[in-house]
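Heavy-atom basis, side chains included; hydrogens, waters and symmetry copies ignored.
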Amino acid sequence: MVTSFFLGFIIDIFSDTMALHATATLTVAYIRPVLMRFCFGVNYEFQNFSFKNTTKVQRLTFLGLLILIHQIVFFSLEIISLSHVLLIFKRVLATGIVTLILCALFSSLFSPHSE
């Protein structure tokens with residue numbers, strides 16, 4: 001929790017977003033164990049879990065849900081208006097898709113290729 005707060009806080013300092021990233025990353029860190037149980041099922045045991053033993057679909061689902069939650073919290077707090085729900089949805093969808101594609105590309109680029 002502390003690490004996620006400081007990561008979001010450092011992003012906030014450099015992007016001048018008034019603790020929006022800190023709040024969003026803290027929310028994601030809080031929800032992460034629930035999402036891991038949802039995405040990885042009974043394979044998720046806190047001490048024995050490894051991403052090497054999961055499928056690409058499970059990893060992309062987990063990553064997509066984390067990104068979705070972060071973007072929803074971030075843009076909801078940035079706009080703070082229920083009358084702009086469509087704008088929030090469009091921003092979440094646009095940035096979420098781009099972020100997911102970039103994260104999938106970087107993870108496939110830096111992951112060891114199994115034969």
Side-chain angles (χ1 to χ4, degrees):
M1 293 289 195
V2 173
T3 305
S4 67
F5 172 75
F6 282 120
L7 175 68
F9 187 67
I10 289 170
I11 294 171
D12 285 329
I13 288 172
F14 288 112
S15 62
D16 194 32
T17 53
M18 301 177 297
L20 295 176
H21 281 288
T23 305
T25 55
L26 204 55
T27 304
V28 167
Y30 183 73
I31 294 176
R32 188 180 67 89
V34 175
L35 290 179
M36 289 184 83
R37 278 189 213 96
F38 173 74
C39 292
F40 304 117
V42 294
N43 293 334
Y44 172 68
E45 294 177 12
F46 195 70
Q47 282 77 20
N48 294 334
F49 182 74
S50 174
F51 278 109
K52 295 176 188 175
N53 301 331
T54 61
T55 64
K56 287 186 180 186
V57 173
Q58 287 177 324
R59 283 180 265 166
L60 282 176
T61 304
F62 176 66
L63 188 61
L65 288 173
L66 288 178
I67 291 169
L68 180 71
I69 291 169
H70 179 275
Q71 300 294 350
I72 287 172
V73 170
F74 180 81
F75 288 119
S76 296
L77 291 174
E78 182 183 41
I79 296 174
I80 308 180
S81 175
L82 289 177
S83 63
H84 297 337
V85 173
L86 189 59
L87 177 64
I88 294 171
F89 179 72
K90 287 193 303 191
R91 285 188 178 186
V92 166
L93 194 63
T95 58
I97 289 172
V98 171
T99 305
L100 183 61
I101 289 170
L102 287 174
C103 287
L105 287 175
F106 280 119
S107 69
S108 67
L109 182 67
F110 293 113
S111 67
H113 296 284
S114 59
E115 297 178 22

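- Using a 30° and 60° split on the angle between ring planes, F6 and F9 fall in the perpendicular class, above 60°.
- Heavy atoms only, all atoms of each residue included: S81 and I88 are closest at O-CD1, 4.0 Å.
- Pairing each heavy atom of A24 with each of V73, the nearest pair is CA-CG1, 3.8 Å.
- For the pair S107 (side chain) and A104 (backbone), a donor-acceptor distance under 3.5 Å is present.
- From H21, atom NE2 reaches atom OG1 of T23 across 10.5 Å, with rounding to the nearest 0.5 Å.
- The hydrophobic cluster containing L77 also contains I79, counting ILVMFWY residues as joined when their side-chain heavy atoms lie under 4.5 angstrom apart, directly or transitively.
- Under the 4.5 Å side-chain heavy-atom criterion for grouping Ile, Leu, Val, Met, Phe, Trp and Tyr, I67 is not connected to V34 through any hydrophobic cluster.
- No continuous path of ILVMFWY side-chain contacts below 4.5 Å connects I80 to L86, so the two sit in separate hydrophobic clusters.
- More than 12 non-hydrogen atoms from other residues, nucleotides or ligands lie less than 6.0 angstrom from CG of L105.
- Counting heavy atoms from C-beta on, the side chains of T95 and F74 never come closer than 4.5 Å.
- Residue pairs satisfying the side chain to side chain donor-acceptor pair (under 3.5 Å) criterion with at least one member in residues 1-12, sequence neighbours excluded, are listed as follows: D12-T17.
- One hydrophobic cluster, built from ILVMFWY side chains closer than 4.5 Å, cannot hold both F75 and F89; they sit in different ones.
- Closest of all the heavy-atom pairs between M1 and L26 is O-CD1, 3.4 Å.
- Remark: L65 CG to L100 CG distance equals 10.0 Å, nearest 0.5 Å.
- Between R59 and F40, the closest heavy-atom pair is N-CE2, 4.2 Å.
- A continuous path of Ile, Leu, Val, Met, Phe, Trp and Tyr side chains, each step under 4.5 Å between heavy atoms, connects I69 with Y30, placing both in one hydrophobic cluster.
- Remark: L20 CG to E78 CD distance equals 6.5 Å, nearest 0.5 Å.
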Give the intermediate values and the outcome of side chain to side chain contact (heavy atoms under 4.5 Å, CB included) for residues T25 and H70.
-> CA-CA 6 Å; T25 55; H70 179 275; 3.9 Å; yes
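- Summarising the geometry, atom CG belonging to L63 is positioned 11.0 Å from atom CG belonging to L68; distances are rounded to the nearest 0.5 Å.
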